[in-house]
Amino acid sequence: MEHTRIDALDRVWHAVGELPEGPLDIVGDVHGEIGALRALMTHLGYDEGGVHPRGRRLIFVGDLIDRGPDSPGVVRLVARTMAHGGALAVMGNHDFNAVIGRQRKENSWLFGHGPVQEGERRVTADAEREELLGVLRGFPVALHRPDLRVVHAYWDDAALARLRSEDDPVRAHVKHRDAIRARFEGRPDPIAMELALQNENPMKLVTSGPEYLAPAPFEAGGVVRTQQREAWWERYTDVPAVVFGHYWRIPVKAGPPIFAGYADTEWLGPSRAMCIDYSVGWRSQNRRSGSSGAELGRLAALRWPEAELVFDDGARKFVVPRAARV
């Protein structure tokens with residue numbers, strides 16, 4: 001088993017960071033799919049160490065972990081590439097859950113609180129767990145430059161402004177969470193409080209996006225839900241393009257169709273917003289079901305400024321305006 005220790009990269013946390021100049025390859029949610037990541041990097045022209053002969057750099061939109069067979073391997077590969085200046089990453093909601101110690105069924109591999117999938121690599125040593133969490137804890141929640149913004153789920157200027165003065169992601173989350181809970185103390189309205197915890201805590205908002213009360217309960221991912229994700233890109237009108245993940249661009253899960261009316265390679269909304277989560281996380285479900293056909297979910301990277309999508313199977317497609325659909 002490969003295990004070269006990756007020490008903390010930068011222990012001063014900055015909620016919002018700067019994107020480097022030059023051409024970039026922005027990678028969607030990896031979800032522990034180490035094989036897909038290595039294949040994608042090869043198709044993009046990177047060597048095994050994450051170095052590109054033309055000086056391109058990788059930008060990860062978060063959710064490096066959970067579901068796939070080797071989340072530790074993904075974190076280490078990204079961290080090694082970051083260590084020599086070849087990559088940056090933002091924090092996704094799965095990364096954030098790990099950082100704050102929130103135990104979910106998908107992260108039993110990390111915390112050991114439940115079963116893991118067959119073939120999924122489990123962390124058993126405290127030192128290794130802290131090493132991986134140290135890497136994830138250092139990720140900002142957003143990166144930007146004049147022509148481009150990268151965030152896991154939601155670009156919101158007000159939320160990011162509130163986070164710029166914070167120096168630790170856990171403390172930032174706890175401070176805002178506790179203030180919201182205190183406001184609802186003695187008020188028997190759990191749904192309103194849950195919506196406030198989602199939409200008013202800036203750490204939750206930028207890593208998992210705004211939500212609203214669904215017209216009726218619905219089932220998604222085996223859970224009955226009352227809160228529905230908002231298609232916030234329909235009101236995004238800023239000049240810089242914004243690239244994000246999180247929303248399962250290929251609709252493999254049940255629930256309201258958030259991308260209805262869009263082809264999967266179109267810019268979203270009135271400006272240039274682009275979700276590049278092409279549902280590679282669904283491969284874990286395929287493995288559980290014993291599927292032998294083509295796997296629906298894929299890992300993608302958006303080449304910038306070319307606006308070309310490259311997938312882990314080598315396919316390539318350009319992103320097009322909605323009006324240009326044939």
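What you see is a predicted model; the values in this text were computed from it and never measured.
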Hydrophobic cluster membership, with links at side-chain heavy-atom distances under 4.5 Å among I/L/V/M/F/W/Y: are Leu197 and Val206 in one?
no
Do side-chain atoms of Asp95 reach the backbone of Asp63 as a donor and acceptor pair under 3.5 angstrom?
yes
When every non-hydrogen atom of Gln228 is compared with those of Pro215, the smallest separation belongs to OE1-CD, 3.7 Å
Glu200 and Arg162: CA distance, side-chain angles, deciding distance, salt bridge (Lys or Arg N to Asp or Glu O under 4.0 Å) verdict
CA-CA 11 Å; Glu200 297 178 27; Arg162 294 171 71 191; over 6 Å; no
Has the side chain of Asp47 got a donor or acceptor atom that lies under 3.5 Å from a matching backbone atom of Gly49?
yes
Just do the side-chain contact (heavy atoms from CB on, under 4.5 Å) check on Val99 and Phe139 with the steps written out, would you?
CA-CA 10 Å; Val99 165; Phe139 292 170; over 6 Å; no
Sole candidate of Val151, Asp277, Val61 that passes side chain to side chain contact (heavy atoms under 4.5 Å, CB included) when paired with Phe244:
Val151
Between atom CZ of Arg229 and atom OH of Tyr154, what is the distance when rounded to the nearest 0.5 Å?
14.5 Å
I'd like to know whether Ser284 forms a side-chain contact (heavy atoms from CB on, under 4.5 Å) with Gln117, so could you lay out the CA-CA distance, the side-chain angles of the two residues, the decisive distance to 0.1 Å, and finally the verdict.
CA-CA 8 Å; Ser284 63; Gln117 299 181 56; 3.5 Å; yes
Pick one: which of Arg104, Lys105, His94 meets side-chain hydrogen bond (donor to acceptor under 3.5 Å, both in side chains) with Asp66?
His94
Is there a donor-acceptor pair under 3.5 Å between the side chain of Arg249 and the backbone N or O of Cys275?
yes
Would the His152 and Phe96 ring centres measure less than 6.0 Å apart?
no
So that I can tick it off, tell me whether Glu306 and Arg316 are bridged by a salt bridge, with the cut-off set at under 4.0 angstrom between side-chain N and carboxylate O.
no
Under 4.5 Å between any side-chain heavy atoms of Leu148 and Ile26, yes or no?
yes
Do the charged groups of Glu118 and Arg287 touch, with an N to O distance under 4.0 Å?
no
Face-on cation placement of Arg322 at Tyr262 ring, 6.0 Å and 45° thresholds:
yes
Hey, is the main chain of Val116 close enough, under 3.5 Å, to the side chain of Ser108 for a donor-acceptor pair?
no
Cluster check Leu77, Val51: I/L/V/M/F/W/Y, side chain < 4.5 angstrom:
no
Under 4.5 Å between side-chain heavy atoms, counting indirect links through other Ile/Leu/Val/Met/Phe/Trp/Tyr residues: same cluster for Leu195 and Ile180 or not?
no
According to a hydrophobic-cluster definition based on side-chain heavy atoms being under 4.5 Å apart (Ile, Leu, Val, Met, Phe, Trp, Tyr only), do Val16 and Phe60 belong together?
yes
So, do Met91 and Met203 sit near enough that their side-chain heavy atoms are less than 4.5 Å apart?
yes
side-chain contact (heavy atoms from CB on, under 4.5 Å) assessment of Leu299 paired with Val27:
CA-CA 8 Å; Leu299 183 63; Val27 180; 4.1 Å; yes
Do Pro210 and Leu205 have side chains that get closer than 4.5 Å, going by heavy atoms?
yes
Should the pair Glu211-Lys204 be classified as a salt bridge under the 4.0 Å nitrogen-to-oxygen rule?
no
The criterion is side chain to side chain contact (heavy atoms under 4.5 Å, CB included); which residues satisfy it with Val174, sequence neighbours excluded?
Val170, Arg177, Asp178
Donor-acceptor pair, distance only, cut-off 3.5 Å: does the side chain of Asn107 make one with the backbone of Leu110?
no
Identify whether Leu133 and Val141 are in the same connected component of the hydrophobic contact network (ILVMFWY, side-chain heavy atoms under 4.5 Å).
yes
Between Trp232 (side chain only) and Ala153 (backbone N and O only), is there a donor and an acceptor less than 3.5 Å apart?
yes
Within a strict 4.5 Å, meaning less than it, do heavy atoms of the Asn199 and Tyr212 side chains meet?
no
So, the side chain of Gln285 versus the backbone of Trp282: is there a donor-acceptor pair under 3.5 Å, distance only?
no
d(His173 NE2, Asp168 CG) to nearest 0.5 Å is 11.5 Å
Has the side chain of Thr81 got a donor or acceptor atom that lies under 3.5 Å from a matching backbone atom of Gly86?
no
Contact check, side chains of Arg76 and Leu132, non-hydrogen atoms, under 4.5 Å:
yes
Before you tell me yes or no, could you show the steps for Val319 and Thr265 under side-chain contact (heavy atoms from CB on, under 4.5 Å), namely the whole-Å CA-CA distance, both residues' side-chain angles and the distance that decides it to 0.1 Å?
CA-CA 5 Å; Val319 182; Thr265 56; 5.5 Å; no
Has His246 got a side-chain atom pairing as donor or acceptor with Asn93's backbone, closer than 3.5 angstrom?
no
Tell me if the centroids of the rings in Trp233 and Phe259 come within less than 6.0 Å of each other.
yes
Does Arg303 reach the main-chain N or O of Leu44 with its side chain, forming a donor-acceptor pair under 3.5 Å?
yes
Decide salt bridge (Lys or Arg N to Asp or Glu O under 4.0 Å) for Arg298 and Asp264; before the verdict, give the C-alpha distance in whole Å, the side-chain angles of both, and the deciding distance to 0.1 Å.
CA-CA 12 Å; Arg298 293 192 288 175; Asp264 62 11; 5.4 Å; no
Got a salt bridge between Arg235 and Glu230, using NZ or NE/NH1/NH2 to carboxylate O under 4.0 Å?
yes
